[in-house]
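This report concerns only the one structure given below.
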There are 2 protein chains.
Amino acid sequence: MRITVLAGGVGAARFLRGLRRAAPEAEVTVIGNTGDDITLFGLRVSPDLDTVMYTLGGGINEDQGWGRETETHRIRAELAAYGASPDWFTLGDKDFATHIRRSQLLADGEPLSAVTEALCRRWQPGVRLLPMSDDPVETHVVLDGPGGPRVVHFQEWWVRMHAETPAAQIIASGAERARPAPGVLDAIGAADVVLFPPSNPVVSIGTILAVPGIRAAVAAKTVVGVSPIIGGSPVRGMADACLAAIGVDTSAAAVAAHYGPDLIDGWLVDDQDKSAGDDPALAGIEVRALPLLMRDLPATTAIARAALDLALELT
Amino acid sequence: MRITVLAGGVGAARFLRGLRRAAPEAEVTVIGNTGDDITLFGLRVSPDLDTVMYTLGGGINEDQGWGRETETHRIRAELAAYGASPDWFTLGDKDFATHIRRSQLLADGEPLSAVTEALCRRWQPGVRLLPMSDDPVETHVVLDGPGGPRVVHFQEWWVRMHAETPAAQIIASGAERARPAPGVLDAIGAADVVLFPPSNPVVSIGTILAVPGIRAAVAAKTVVGVSPIIGGSPVRGMADACLAAIGVDTSAAAVAAHYGPDLIDGWLVDDQDKSAGDDPALAGIEVRALPLLMRDLPATTAIARAALDLALELT
């Protein structure tokens, strides 16, 4: 079986761990969001790709969900001593090495897809990990203020400001000119099933879908999504702040309706959101309720298996 | 008093520590060799500038003479796990931060002189540290072999090969097109005294002198050098291998004769090399003998004081 997954960071990475357990024989291609990518201290950081790579490769910090295990923070302290900014983005020492290597290969002229493949040769994540695009796409957040609107990088809004200032708009800058990375459209076209893990529908999956060609390719397939919202709250992160920016309620049903029946065919919600199945806005989307908290690997494997079962049923 | 010093790495840095003690009120400008600079893992490394900066700023690894104190080597191990090369150049984690910061500022368009000034704002070395040039100069070593001559970067010959393969030629590539960094010629011109610490006469001081304009500016001043050779052996490093490449004997007298009376006015040798003062090849160079091993700060201070005393006497 060929499975293609559109992935953000922590939620996607954990889901993928369950998926590999649920379908160990499947060929899994992961299309990772790169809209969160940022250049820090002259080094290129791809948080979502790294979270997937580290999680599946056994190098993740399990407690925080991102970054490397048993980290130290000497480089960061040194850079602060040099007065380098920003000071609000935490990068551990081992993580820095990944960004040094990525930046070196990019400076040598390798596209991000080839760089990601090179990094994955070490980590052996057991999936094929592709960036959504080799072209630069940066998620920007427009904030209204007394002095007029201003634009910040998504990471600044998310990490430094904790998304506390409401976003007036979220823009995947450059997406309209970006081309899907080599292999992306083929992996979607060849997939038996496309899955949306419980990733952020706006700044993760939404950004991937904003790359011209990807949405149409996905829409042509059997697609099952896992709700990132349980009982009116994001399972993780601040997806509610992103949904508010695009005028979508923070509910499992509203997210499914936002994707729409043209895009997704099946939708997994938590037991407490079972009523979403009766929502007329979700006509044409098959809704299944089950425990959706990825509290451990068995629970996550059960969710992945349910997504696959529903997809096969809908094919 | 204004003192300008041409500096390589470890020997110069230790000498400078003595000089600051010997002449605490002096305005000291240090012109650092950048021919050893190398790009590793996409990051720009300036070993000699850093050794001076760390040593005078209190951040040096005292035992090895270069690199940072209390280092760890996590980044290096990570890069090796990614298959990044080379594996023969040791950079500690805290040291990496310096190279990240330097590379970031260079990528932002700052010249190396401005970058060095920015890094020194943290270290407060108590001297003004200038790179010899903002233009790229790389010391290359020509090696003869059965397959014909080949060229390696100085660091590869020095660090990886331990200078065991004889150098057929040592070339400061790019030096002929390099311009002295802003402030370099002024600092020499304004100096009451120019000093050569016991640095490598070929790949440290020789490289600095190869930048057009510097040799003539230095030759016009009162110059006192400290022999890097004691009793026929380099005090540190493998200067003999470099001297052999340019056909100069490994002796205190031969190095002074190599500089020549047009360039230097005074020359400090170790007591055991006292006879250099009788060498007819050193006519026109005032030779003084004293204990020249920089075994601790008092000994080093005495050497610096002797160099200054001789310079003032010759002015």
Side-chain angles (χ1 to χ4, degrees), chain A residues 38-45 49-50 53-54 57-59 61 67-87 89 91-110 114-125, chain B residues 38-45 49-50 53-54 57-59 61 67-87 89 91-110 114-125:
Chain A
I38 188 168
T39 299
L40 295 168
F41 314 109
L43 302 173
R44 194 68 183 158
V45 181
L49 296 179
D50 286 349
M53 184 173 78
Y54 293 158
N61 178 322
R68 293 291 310 281
E69 87 293 358
T70 60
E71 262 298 20
T72 49
H73 293 86
R74 292 161 72 91
I75 299 270
R76 190 177 178 229
E78 288 292 316
L79 288 169
Y82 280 122
S85 59
D87 60 0
F89 202 96
L91 295 174
D93 295 332
K94 294 199 287 187
D95 200 19
F96 256 110
T98 301
H99 312 317
I100 291 171
R101 183 61 175 158
R102 173 183 293 113
S103 302
Q104 179 188 17
L105 294 171
L106 288 171
D108 285 350
E110 301 273 355
V115 173
T116 304
E117 192 182 341
L119 297 176
C120 283
R121 273 199 287 275
R122 169 183 179 190
W123 290 104
Q124 297 289 326
Chain B
I38 188 167
T39 299
L40 295 168
F41 313 111
L43 302 173
R44 193 68 183 158
V45 181
L49 296 178
D50 287 349
M53 183 173 80
Y54 293 158
N61 179 322
R68 293 290 311 281
E69 86 295 357
T70 62
E71 263 296 20
T72 48
H73 294 87
R74 293 161 69 90
I75 299 269
R76 190 176 178 231
E78 288 291 316
L79 288 170
Y82 281 122
S85 56
D87 59 1
F89 202 96
L91 295 174
D93 295 332
K94 295 199 286 186
D95 199 21
F96 255 110
T98 300
H99 313 316
I100 292 170
R101 183 61 174 157
R102 173 183 295 114
S103 303
Q104 179 188 18
L105 294 171
L106 288 171
D108 285 351
E110 301 274 354
V115 173
T116 304
E117 192 182 343
L119 297 176
C120 283
R121 273 199 288 277
R122 168 183 179 192
W123 290 105
Q124 297 289 325

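Computed from a prediction, not measured in an experiment: that's the story for all the values here. When reading the values below, keep in mind they use all heavy atoms of this one structure, side chains included, and skip hydrogens, waters and symmetry mates.
- Classified by interplanar angle (parallel below 30°, tilted 30° to 60°, perpendicular above 60°), the ring pair A:W123/B:Y82 is perpendicular.
- With a 4.5 angstrom heavy-atom cutoff, B:R68 touches chain A only via side-chain atoms.
- Chosen from A:A77, A:G42, A:S103, the residue pairing most often with chain B at heavy-atom distances under 4.5 Å is A:G42.
- A 4.5 Å side-chain heavy-atom check between B:R44 and B:V115 finds every atom pair outside the cut-off.
- For chain A, no part of B:T39 is nearby; none of its heavy atoms comes within less than 4.5 Å.
- B:L79 and A:A97 make their closest contact through CD2-O, 3.7 Å (heavy atoms, listed as atom of the first residue, atom of the second, distance).
- Using a 4.5 Å cut-off between heavy atoms, A:R74 contacts chain B through its side chain alone, with no backbone atom that close.
- Only the side chain of B:L43 comes within contact range of chain A, with heavy atoms under 4.5 Å apart.
- Using a distance-only test at 3.5 Å, with no hydrogens or angles considered, a donor-acceptor pair links the side chain of A:E71 to the main chain of A:D93.
- Between chain B and the options A:R121, A:Q104, A:R76, heavy-atom pairs under 4.5 Å are most frequent for A:Q104.
- For B:A107, no part sits under 4.5 Å from any heavy atom of chain A, backbone or side chain.
- Residues A:V45 and A:H99 approach most closely at CG1-CE1, 3.6 Å, considering heavy atoms.
- When all heavy atoms of B:G92 and B:H73 are compared, the closest pair comes out as CA-CD2, 3.6 Å.
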